[in-house]
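To start, the structure under review is shown below, and the notes come after it.
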Amino acid sequence: MEKYTVHQQAVGTILNWVTTGQVAIPEIQRPFVWNSTKVRDLIDSLYNGYPVGYLITWQTHDVKLKDGSQSGNKQILIDGQQRVTALTAALAGQKIVTKDYQRKRIQIAFNPQTERFETFTPVMKNDPAWILDIAELMSPVAAFEVPQRYFEANPEADRQSVIGALTKLSGIQNKQVGIINLDASLDIETVTEIFIRINSKGVVLNSADFAMSKIAAYGDYGANLRKYIDYFCHLAVAPHFHEMIRDNDPEFASTEQFRRISWLKDDASDLYDPDYRDVIRVAGLQEFGRGRIDALVSYLSGRDFETRSFREDLALKSFERLESALDDFTNQYNFTQFLMVIQSSGFDTSSLITSRNALNFAYALFLRLRRDKDLPFGEVQRIVRRWFVMSMLTGRASGSVDTQFEQDIRRVRELGAGDYLATVEDSELSDAFWNVGLPQALDTSSTRSPYFRTFLASQVFTQARGFLSQNITVSQMLDGQGDIHHIFPKAYLEKSGIRDRSDKNQVANYVLAETAINIAISDKAPADYMSVIADQVSTGERRIGEIVSRDAVDRTLRESAIPESIWTATATEYQDFLEERRIRMSATMRDYYRSL
């Protein structure tokens, strides 16, 4: 049996449906995110008779709308909100609510002499050739008045062509738009799945969008929780947004949730700036023990997993649990303490963290363990710190992680976090990993490699100095005061016949070095610039950096996991040098991990 029918309706009919409430917009769609240029282009397409895509509607009786009411016997607009909202803004003169929750008018101007549409700007008031607001033309009375005023202001205009353009513009209301109407027997989950699959324009929706839609659809309570998530994420990135919330959404600004997240207005850290997908994932893991976001949606729908039925009382309980999880997530003490744990592992800048999901799971684990009153906080810190670094080293939080995360949370609950971590370490971080697996993984040219980033974090953790530096640390150079330097300079390798880019740019050939040291080394072979260092130690004459002690030189080489062979190394020994350094880098990370 077909699950839909297809027909066409005039633009004017669709606008009338929206303004009279015959078509409703449920909260399974995003806020209005189009800019005025896209609105202009939509009107231009209709004007020129170009297709603008199908709208998808669904007739049902039990979907909650934006105002918390039920849909009743209305047509529900499932896909096309951006287009319909753009039409009501441009042609009916209605204000739109932006993603920042500001009410704005999008005004489209039209020049009937050139048949051009543009977003209205105040400068246009000085040019009589422009009709400043095309919404004026959409009423029958204005359709007669506007041309008369236009010709008074533009007596030289060609009357026939202008009247033709204005008639064509007002005729936009008669343009036909295709509508796909979904069968009324479909449930909300099926309809949302259809929406996700057919949505091919703008930002493609995913399961987290579905979850956010489900949250917002739960009346005023759900709409507030959605704002709670959205505003937290926005504030984490842009603290000044606090004033915009206060000024533009006074209703939310009076809530306890706003008070809970207001601390972010003074937050300057960018180590972990979660978006709504991260918040949803962490909340699902922490509170419900679920890695898959669609499982969280089932909870919020009130699903009874035993009877496979849906109950309103279970939905309310799940929403209350979600709110509790959000309170934990956004709590200033929890959030800042977690960041301190991550920073204490050596990952003290966002540039070192290549896996957002590793952070997400670590935070979910942190929040979950914080509830265990019998587990000392120091042990919570140790477990979370090691788990995060283990995830970075093994790629445990890469790729499709939902099933893995769910299994890990379940095993933590069954075995205890400490015992389960030890089991994972025995399996994933065996001697074979440190002696064979990790050195092989370091055979890469990517500076974004999690293995290279973990090596840098180990140097931050041990307060290692930069390559051939007396006092400047790797941590200081990660803040922008140093360079990634090639131990065997690229120009030297090229002159020696090693021209393959991936060979020259091996991470085992990388160190962090002060810019001045990098410049002083230039394109010298390691044997040559280390000879300068040897003379520097014996004479005290500083030519490469400020280091003048053999002990200090040996220390900086050791802290950068550089073999002693560097003292005499030339291009002939390059490959052997890389292999030996990979082994030393792996050993450095092993010792670092075991000391966490």
Side-chain angles (χ1 to χ4, degrees), residues 207-208 211 272 274 277-308 314-331 333-335 337-338 341-342 345 355-429 593 596:
S207 56
Y272 181 36
R277 289 162 294 194
D278 302 318
V279 176
I280 291 293
R281 187 179 296 280
V282 172
L285 284 167
Q286 172 214 355
E287 180 61 39
F288 299 91
R290 295 288 186 161
R292 294 184 61 83
I293 294 178
D294 56 1
L296 174 62
V297 173
S298 292
Y299 274 103
L300 298 178
S301 300
R303 183 176 185 182
D304 185 325
F305 287 87
E306 293 183 2
T307 64
R308 297 183 180 273
L314 292 180
L316 177 58
K317 183 177 180 180
S318 294
F319 269 91
E320 290 172 343
R321 291 176 65 188
L322 173 63
E323 182 178 17
S324 176
L326 295 178
D327 288 345
D328 286 345
F329 188 108
T330 62
N331 179 271
Y333 180 82
N334 288 339
F335 198 82
Q337 286 295 312
F338 170 69
V341 170
I342 300 302
S345 70
S355 172
R356 175 62 67 85
N357 272 331
L359 275 175
N360 287 338
F361 186 87
Y363 193 31
L365 181 62
F366 175 84
L367 294 174
R368 201 172 182 93
L369 297 183
R370 285 275 291 140
R371 294 182 177 181
D372 187 348
K373 303 304 181 184
D374 295 327
L375 192 64
F377 187 61
E379 182 66 0
V380 172
Q381 292 174 305
R382 184 192 73 85
I383 291 171
V384 172
R385 185 184 298 115
R386 289 173 72 101
W387 189 283
F388 172 73
V389 177
M390 178 272 294
S391 296
M392 291 291 295
L393 279 169
T394 63
R396 195 176 188 84
S398 302
S400 182
V401 298
D402 293 340
T403 302
Q404 182 66 67
F405 281 178
E406 195 164 311
Q407 176 183 311
D408 285 337
I409 284 292
R410 185 175 66 252
R411 298 291 283 168
V412 165
R413 184 174 63 247
E414 293 170 351
L415 300 179
D419 289 343
Y420 181 54
L421 173 61
T423 300
V424 173
E425 289 172 334
D426 289 343
S427 172
E428 302 285 342
L429 302 179
Y593 182 80
L596 290 172

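Values reported hereafter were calculated over all heavy atoms of this structure, with side chains retained and with hydrogens, waters and symmetry mates removed. Values in this document were obtained by computation on a predicted structure and should not be read as measured data.
Salt bridge annotation for R370-D328: absent, with no cationic side-chain nitrogen under 4.0 angstrom from a carboxylate oxygen. For the pair E379 and R382, the salt-bridge criterion is met [side-chain N within less than 4.0 Å of a carboxylate O].
The shortest non-hydrogen separation linking R277 to A208 is CG-CB, 3.3 Å. Of all non-hydrogen atoms in S345 and L596, the two that sit nearest each other are CA-CD2, 4.1 Å. Between L300 and A315, the shortest heavy-atom contact is O-CB, 3.5 Å. Here the closest non-hydrogen pair linking R281 and I293 is NH2-CD1, 4.5 Å. Minimum interatomic distance between L369 and A417 (heavy atoms only, all atoms of both residues): CD2-CB, 3.6 Å. Closest of all the heavy-atom pairs between A397 and S355 is O-OG, 3.5 Å.
The CE atom of M390 sits 11.5 Å away from the CD1 atom of I383 when rounded to the nearest 0.5 Å. With rounding to the nearest 0.5 Å, the separation of CG in L367 from CD in Q337 is 12.0 Å. How far CD1 of I409 is from CZ of R413: 8.0 Å, rounded to the nearest 0.5 Å. Interatomic distance, Y420 OH to R410 CZ, rounded to the nearest 0.5 Å: 8.5 Å. Residue M392 holds its CE atom at 8.0 Å from CG of L359, rounded to the nearest 0.5 Å. Note: T403 OG1 to D408 CG = 11.0 Å, rounded to the nearest 0.5 Å.
Between Y272 and F335, the angle of the ring planes stays under 30°, which puts this pair in the parallel group of the 30/60° scheme. Aromatic ring orientation, F377 versus F366: perpendicular (interplanar angle above 60°, classes split at 30° and 60°).
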Mind running salt bridge (charged side-chain N to carboxylate O under 4.0 Å, His left out) on R411 and E414 for me, showing each step along the way? CA-CA 5 Å; R411 298 291 283 168; E414 293 170 351; 3.3 Å; yes

Could you give me the CA-CA distance, side-chain angles and deciding distance for E287 and R371, then say whether side-chain contact (heavy atoms from CB on, under 4.5 Å) is met? CA-CA 11 Å; E287 180 61 39; R371 294 182 177 181; 2.7 Å; yes

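Tested against F405, the residues Y363, F361, W387 include a single ring pair (Phe, Tyr, Trp, His ring centres under 6.0 Å) partner, F361.
Without hydrogens or angle criteria, T423 side chain to D419 main chain gives a donor-acceptor distance under 3.5 Å. Of the possible donor and acceptor atoms, none in the side chain of R396 sits under 3.5 Å from a partner among the backbone N and O of Q404.
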